[in-house]
> 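After the structure tokens below, expect a handful of questions from me.
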Amino acid sequence: MASRFQAPRGTQDILPELQPYWSAVHAAIADVTRLYGFQRIDTPVFESAALFEKGSGDTTDIVEKEMYRFEDRGGDQLALTPEGTPAICRAYLEHGMASWPQPVRLFTTHQMFRYDRPQKGRYRQHTQFDCEVFGSTDPLVDAEVISLLWMLYQRLGLTGLQVRIASLDDPEPRKAYLERLRAYYEPFRDRLSEDSQRRLDRNALRLLDSKDERDFPYKEAAPKLVNELSPAGAAHHEAVLDALSAAGIPAVVDPYLVRGLDYYNRTVFEVVPVDDERAQGTIGGGGRYDFLLETLGGTPTPAIGFGTGIERIVLEMQRRGVSFERESVADVFIVHRGEGSGRVAFRIASELRRENVPAQVGDGTRSFKAQFRSADASGARFAVILGESELERGIGLVKDLRGGGEQQEIPLELVAETVRGQSLAR
RNA sequence: GCGGGCGUAGCGUAGCGGUUAACGCGUCUGGUUGUGGCCCAGAAGAUCGUGGGUUCAAAUCCCACCGUUCGCCCCA
């Protein structure tokens with residue numbers, strides 16, 4: 001290895017060859033958010049650690065073992081954002097957005113930091129596109145954010161995706177359900193996997209999410225929350241499904257769907273590639289969180305949102321074979337050699353760039369052959385040749401790099417204009 | 001945090017106890033006083049992830065660490 005330094009574990013460089021994917025994602029985000037009437041917000045990379053402890057839930061893994069927490073020089077307890085929703089909620093409350101026309105639709109793309117064990121598609125720093133809608137309990141809004149997310153994926157050429165959806169009901173009926181679930185599992189406690197025995201005490205809902213074969217028989221026979229919703233919860237759930245179906249979005253109810261954050265109620269959903277066996281397959285997910293803003297000290301405000309990982313989207317695009325043509329870095333490549341040629345080359349390049357023509361100047365210390373190779377590699381359509389004999393005659397040669405490579409003699413003052421004209425005319 | 005696989009030039013690979021570590025792509029230079037893409041020739045580029053150990057001898061065997069990858073936990 002040439003370099004002694006490496007990017008920190010779980011972080012990565014996004015090299016130029018990958019940038020077209022990222023640009024496409026950002027462009028699609030700009031499109032769909034505009035189509036759905038979302039406004040952009042940007043929040044800081046770090047926040048008060050307490051925001052996430054309160055917001056995400058202090059027993060969630062994100063807060064308990066994955067948060068980059070630090071004390072700054074003034075003694076404040078801060079954390080690199082592990083999760084976007086609490087940050088946006090904080091901004092909503094801090095800026096009195098309750099007095100904006102409701103509902104308030106916000107989106108952002110920002111960096112997330114989680115100290116967990118890296119794998120493909122799981123990084124310590126990753127980028128998330130988040131959308132949040134505040135101030136509406138309407139199930140159509142649930143369907144709308146899912147529909148926005150779905151459209152994003154469609155526009156990026158991602159096929160073979162599936163929306164999995166469920167409802168976690170509201171806190172009171174869920175509490176009652178969880179008691180029933182524990183009562184159901186308790187007699188088998190000894191026969192469950194170690195993980196599931198722990199879940200029984202800590203987070204019974206997770207029992208349904210077990211991937212351990214020993215738990216499967218009990219899991220299948222277990223009471224499912226989606227089948228036992230309260231009347232209000234059931235009506236909401238049905239309305240969301242109905243709206244999705246009206247919009248032609250293929251959503252399947254997944255009774256085993258569990259999301260890792262404490263604050264969700266009613267609608268929860270994930271988007272997964274149906275043919276991906278990997279555990280990190282989920283590319284996006286979210287849900288309703290009608291009680292979070294209250295938890296954070298605000299007036300009760302219903303809300304729903306999602307996050308989707310851009311790294312995972314890009315991986316999925318590549319897996320799906322979405323590709324981009326290599327962009328040329330210049331339209332015009334100026335080859336020059338000899339005393340004073342650099343000055344002229346630089347002047348012509350500047351003229352071209354002022355006129356919005358991408359132009360590159362060759363390395364005048366290298367041979368013509370080498371500069372032409374660079375010109376070819378740049379993908380430029382035209383080469384401008386400025387050698388000693390041309391400069392003596394006050395002309396430049398304009399060469400078409402496609403086709404037969406014919407060259408025209410053009411007076412130096414007209415080179416930029418001529419090339420620009422031909423470059424536009426192509 | 002737990003368990004498994006992998007780690008050889010920029011990239012992809014070969015070599016798997018024994019003289020100067022090989023090949024393809026890429027890069028650079030040349031083949032045309034000063035002209036690209038194809039072709040040809042040559043060059044540069046590797047402390048064989050790092051550090052220990054075993055051995056007369058280690059890229060090859062063993063251990064630890066680092067990185068990556070797969071599964072679990074969890075999540076985007």
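Because the structure is predicted, anything quoted here is derived from the model rather than measured. Each chain gets a letter, A, B and so on, in the order its sequence line appears, and its residues count up from 1.
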> Heavy atoms only, 4.0 Å cut-off, all strands: where does A:Gln407 land among base, sugar-phosphate and nothing?
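Base contact - A:Gln407 has a heavy atom under 4.0 Å of at least one base atom.
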> If you find the nucleotide of RNA chain B closest to A:Lys399 and the one closest to A:Lys369, which residue's nucleotide is nearer the 5' end?
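Residue closer to the 5' terminus by nearest nucleotide: A:Lys369.
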> Is A:Gln119 side chain donor-acceptor paired with the B:U68 base, going by distance under 3.5 Å alone?
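Result: no qualifying N/O pair found.
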> Look at all strands and tell whether A:Arg117 reaches a base, only sugar-phosphate, or nothing, counting heavy atoms closer than 4.0 Å.
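Contact class for A:Arg117: base.
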> Who is the Watson-Crick or G-U wobble partner of B:U19, with both distances under 3.5 Å?
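Here B:U19 is not engaged in any pair, so there is no nucleotide opposite it.
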> If only side-chain N and O atoms of A:Ser367 are considered, is one of them under 4.0 Å from the OP1 or OP2 phosphate oxygen of B:G34?
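No.
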> Under 4.0 angstrom, heavy atoms only, what part of the nucleic acid is A:Leu397 near: base, sugar-phosphate, or nothing?
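Base, at least one base heavy atom under 4.0 Å.
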> Find which nucleotide of RNA chain B each of A:Lys211 and A:Ile283 is nearest to by heavy atoms, and output the residue with the more 5' nucleotide.
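Here A:Lys211 is the residue nearer the 5' end.
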> Does A:Lys219 make a cation-pi contact with A:Tyr256 (under 6.0 Å, within 45 degrees of the axis)?
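The answer is yes; both the distance and angle limits are met.
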> For B:C73, does the base pair up with any side-chain atom of A:Lys65 as donor and acceptor (N or O, under 3.5 Å, distance only)?
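Pair found.
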> Do the numbers put A:Arg105 on top of the ring of A:Phe134, so that NZ or CZ is under 6.0 Å from the six-membered ring centre and no more than 45° off the axis?
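No, A:Arg105 does not sit over the ring of A:Phe134.
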> Report yes if a donor N or O on one partner sits less than 3.5 Å from an acceptor N or O on the other, where the partners are the side chain of A:Asp376 and the base of B:G36; otherwise report no.
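It does, because a donor-acceptor pair links the side chain of A:Asp376 to the base of B:G36 below 3.5 Å.
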> Counting distance alone, no hydrogens or angles: does the base of B:A76 have a donor or acceptor under 3.5 Å from a partner atom on the side chain of A:Arg114?
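Indeed, a donor on one side and an acceptor on the other fall under 3.5 Å apart.
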> Under 5.5 Å centre to centre and under 30° between planes: does that hold for A:Phe372 and the six-membered base ring of B:G36?
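Not stacked by the 5.5 Å and 30° rule.
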